[in-house]
Every structure is written in C-alpha cells, then in structure tokens.
Novice: 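Dumping the structure here so I can ask a few things about it.
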Amino acid sequence: MANNRSSYRMSAFSVTVFTQLLVVSIAALVLYWLIKLREGVAFTSNIKIMIFNLHPLLTVLGFIIFSGEAIITYKGIPMTRPTLKLIHLILHLIALFAGILGICAVFKFHNELKTAHAYTLHSRIGLSTICLFGLQLLLGFVTFLFPGAMSATRARFSPWHIFTGVVIFFMAIVTAETGLIEVFIYQKLHKGQEALVVNFIGLLILIFGICVGLIVVLPLKRK
Ligand code: HEM
C-alpha cells in the first residue's frame, strides 16, 4: 500500500493547503448567500424561510466541512497518533451535532408550514447519510478508542473504516448537491447573482469532496 501511494509522486500537503482555501471560500459564499442575498438565519421567527436557511448553513458549514476536516486530520497536522485520534473524534462529533441540528431546523420549518416530511430523494439520502455517519462514529469509537479492540482486529477493521468513511462523506456531498438543486428550482433562480452564487457553492463543494478523497489516497510525504 505504501509503495502504491508513493507512486502518485506528490504528497498530501499541497492538496491540504488548497483544501483549506476551498473551505474559506465555501464558508464565505454560504454566509454571503444566506445573509446578504437571502433573509438571514433564525431558529424561531415569523419569517419561516429564516428557519429553513439554518439548514444549508449547518449542513454545509457544520456537517460537510467538519467531516471533511476530520477525514484529512491524519494527513494535515504533524502530531502524535493519540492526539490525532482525539482531534479526528472531536471534529466528527461537531459534524454530527451540526448535521442533526441542521435536520431539526428543516423539520421545524416543514412542521410550521404543515408540509410533509422526507418525501424527496435529497431528504432520503440525507437521512441515510446521518444514520450511517452516527453508526460509523460509534463503531470507530468502540474499535479504536474505548474499550478498543485487539490490535489484529483493529488492523483488519481499519481499511473498512477508511472506505466506509469516504463513502459516507461522498453521500453527504451528493445530499448537499441535490439540496442545492432543489433550492435552485424552488426559488426559480435560473439566472442572476443568486443563481451564480448557489451554483458556485455546489461546484466548490464538489471540488472539496474530490480533494478530500485525493488526500486520503496520497502519502503523507513525497518519496
Ligand atoms: C449533507 C447535508 C444535508 C443533509 C444531511 C440534509 C438532509 C435533509 C433532510 C433529512 C430533509 C428532510 C426534512 C423534512 O422532511 O422535514 C431535508 C430537506 C431539505 N433540504 Fe437538506 N440536507 C443537507 C443539505 C442541504 C443543502 C446544502 C441544501 C441546499 C440549500 C438543502 C436543501 C433542502 C431542501 C430545499 C429541503 C426541503 C425539501 C425536501 O424535503 O427535500 N439541504 N434535507
């Protein structure tokens, strides 16, 4: 595996730096979109769309960005393994918390408008993603942290933990893309500044996903 990885002839470092620039750009664009071009965000308001706006805010800036950062922890920060494990866990917990809160916001929005729940492809992939994410976190915790499995079991489980982690992360990317398409259609955006911003957010999220995937396969240092 190490030899295969070194044949990429580049290290994860440069892609990690580029990924952090993407994170800043996505955060800036999402905030600009929701605060400047739309009504802003609130958990309780008479302007119901403000409650909905919490949903993209928390799912993109919380769930997607933090879970991406959690995945690349091992390649990005030069620290000891136990510290990295802890950072990996904390970033995932923040992502899960933000994701659940983001879903609560859209459920609240639907409840207040008295509309049906979870009937779209977006919502179904989204719910499956959050459930699998929670399960992956639980399995990772009991295997690698507490009580922790035998080292042979951990070694056998590790590649599957990485594979399923990347799959769930890409499910989150697909969910965000389908969510952005829904907004584009519901808001009848077609052209104009907001259409451009929403499409650009989608594009940057896709590139962010690709970069995280690349960092996972690249070696820490170039051979
Ligand atoms: C990984 C991130 C995301 C997850 C896990 C997720 C999950 C969900 C879930 C479970 C629902 C259904 C709520 C209900 O039935 O009451 C929903 C609704 C919705 N979401 Fe997301 N979402 C995510 C990101 C986004 C993004 C980035 C947008 C874009 C603005 C978005 C737009 C929408 C819209 C328009 C609805 C209402 C229509 C529907 O139920 O499909 N979502 N989302």
Side-chain angles (χ1 to χ4, degrees), residues 1-2 4-6 8 10-27 30 58-103 125-126 128-146 148 154-177 179 201-222:
M1 193 67 173
N4 288 345
R5 285 186 178 203
S6 63
Y8 281 99
M10 69 184 284
S11 77
F13 181 74
S14 49
V15 191
T16 305
V17 173
F18 178 68
T19 306
Q20 300 314 317
L21 294 178
L22 282 175
V23 166
V24 175
S25 317
I26 294 170
V30 169
L58 290 166
T59 52
V60 175
L61 298 198
F63 188 55
I64 290 189
I65 294 210
F66 276 88
S67 53
E69 293 285 7
I71 291 173
I72 63 179
T73 319
Y74 289 101
K75 297 286 174 64
I77 319 171
M79 281 184 183
T80 60
R81 193 107 188 134
T83 316
L84 289 175
K85 262 193 198 174
L86 197 66
I87 297 174
H88 184 68
L89 172 71
I90 292 170
L91 291 175
H92 269 126
L93 284 174
I94 298 174
L96 182 64
F97 181 69
I100 292 173
L101 219 60
I103 291 183
I125 302 177
S128 318
T129 305
I130 290 278
C131 294
L132 289 174
F133 191 92
L135 191 65
Q136 162 91 348
L137 194 56
L138 186 69
L139 283 178
F141 185 82
V142 293
T143 312
F144 299 113
L145 274 164
F146 186 79
R154 284 210 307 263
R156 254 183 283 129
F157 180 65
S158 180
W160 286 107
H161 175 75
I162 297 171
F163 172 72
T164 46
V166 171
V167 168
I168 295 166
F169 176 68
F170 275 102
M171 283 176 70
I173 300 281
V174 169
T175 310
E177 300 295 353
I201 293 172
L203 195 66
L204 292 183
I205 290 175
L206 179 65
I207 301 172
F208 175 67
I210 294 168
C211 288
V212 170
L214 182 59
I215 293 169
V216 170
V217 297
L218 285 176
L220 203 57
K221 288 196 182 108
R222 194 181 156 175

Novice: What closest approach, in Å, do Ile125 and Thr129 show between heavy atoms, and which atom pair accounts for it?
Specialist: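 Heavy-atom minimum between the residues: O-OG1, 2.6 Å.
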Novice: Hey, what do you get for CD1 (Ile201) to CD (Glu177), rounding to the nearest 0.5 Å?
Specialist: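 One finds 10.5 Å between CD1 of Ile201 and CD of Glu177.
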Novice: Let me check something: any side-chain donor-acceptor pairs from residues 164-171 under 3.5 Å, sequence neighbours excluded? List them with distances.
Specialist:
{"residue": "Thr164", "atom": "OG1", "partner": "Gln136", "partner atom": "OE1", "Å": "2.9"}
{"residue": "Thr164", "atom": "OG1", "partner": "Trp160", "partner atom": "O", "Å": "2.7"}
{"residue": "Thr164", "atom": "OG1", "partner": "His161", "partner atom": "O", "Å": "3.3"}

Novice: If we only count heavy atoms from C-beta on, is the Phe18 to Ile207 side-chain gap below 4.5 Å?
Specialist: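 Side-chain contact under 4.5 Å: yes.
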Novice: Keeping to residues at least two apart or across chains, list the side chain to side chain donor-acceptor pair (under 3.5 Å) pairs with something in residues 64-73.
Specialist: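 For residues 64-73, and leaving out neighbouring residues, the side chain to side chain donor-acceptor pair (under 3.5 Å) pairs sorted by first residue read Gln20-Glu69.
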Novice: So does Ala12 get a backbone contact from the side chain of Lys75, meaning a donor-acceptor N/O pair under 3.5 Å?
Specialist: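 Pair absent, no side-chain N/O of Lys75 close to backbone of Ala12.
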Novice: Using only atom types and a distance under 3.5 Å, with no angle test, would you say the side chain of Ser25 pairs donor to acceptor with the backbone of Leu21?
Specialist: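 A pair under 3.5 Å: yes.
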Novice: Please tell me if the side chains of Leu58 and Phe63 come closer than 4.5 Å, counting only heavy atoms from C-beta onward.
Specialist: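 Leu58 vs Phe63: side chains apart.
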Novice: Using modelled atom types only, decide if a donor and an acceptor are shared between the side chain of His92 and the backbone of His88 within a distance under 3.5 Å.
Specialist: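 Side chain of His92 to backbone of His88, a donor-acceptor pair under 3.5 Å: yes, one is there.
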Novice: Nearest 0.5 Å please: distance from the CD1 atom of Ile64 over to the CD1 atom of Ile173.
Specialist: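 CD1 of Ile173 is found 5.0 Å from CD1 of Ile64.
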Novice: If you take all heavy atoms of Phe133 and Ala95, which pair is closest and at what distance?
Specialist: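 Result for this residue pair: CZ-CB, 3.9 Å.
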Novice: Applying ring pair (Phe, Tyr, Trp, His ring centres under 6.0 Å), name anything that partners Phe66, two or more places apart in sequence or on another chain.
Specialist: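 Once residues adjacent in sequence are excluded, Phe66 has no partner under the ring pair (Phe, Tyr, Trp, His ring centres under 6.0 Å) criterion.
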Novice: Within this structure, what is the CG-CG distance for the pair Leu96 and Leu137, rounded to the nearest 0.5 Å?
Specialist: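 Atom-to-atom, Leu96:CG and Leu137:CG are 6.0 Å apart.
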Novice: With rounding to the nearest 0.5 Å, note down the distance linking CG in Leu145 to CG in Leu86.
Specialist: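 CG of Leu86 is found 7.5 Å from CG of Leu145.
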Novice: OG1 of Thr19 to CD1 of Ile72: how many Å apart, nearest 0.5 Å?
Specialist: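 One gets 5.0 Å once the value is rounded to the nearest 0.5 Å.
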Novice: At their closest point, which heavy atom of Ala70 faces which heavy atom of Leu91, and how far apart are they?
Specialist: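 What the structure gives for the nearest pair is CB-CB, 3.6 Å.
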Novice: Check whether more than 12 heavy atoms from other residues, nucleotides or ligands sit under 6.0 Å from atom CZ of Phe13, and answer yes or no.
Specialist: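 No, because the 6.0 Å sphere around CZ of Phe13 holds 12 heavy atoms or fewer from other groups.
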Novice: How about Leu22 and Ile205: do any of their side-chain heavy atoms sit closer than 4.5 Å?
Specialist: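 Contact flag for Leu22/Ile205 side chains = no.
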Novice: Could you give the distance from CD1 (Ile65) to CZ (Phe208), rounded to the nearest 0.5 Å?
Specialist: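 Reported to 0.5 Å precision, the distance equals 5.5 Å.
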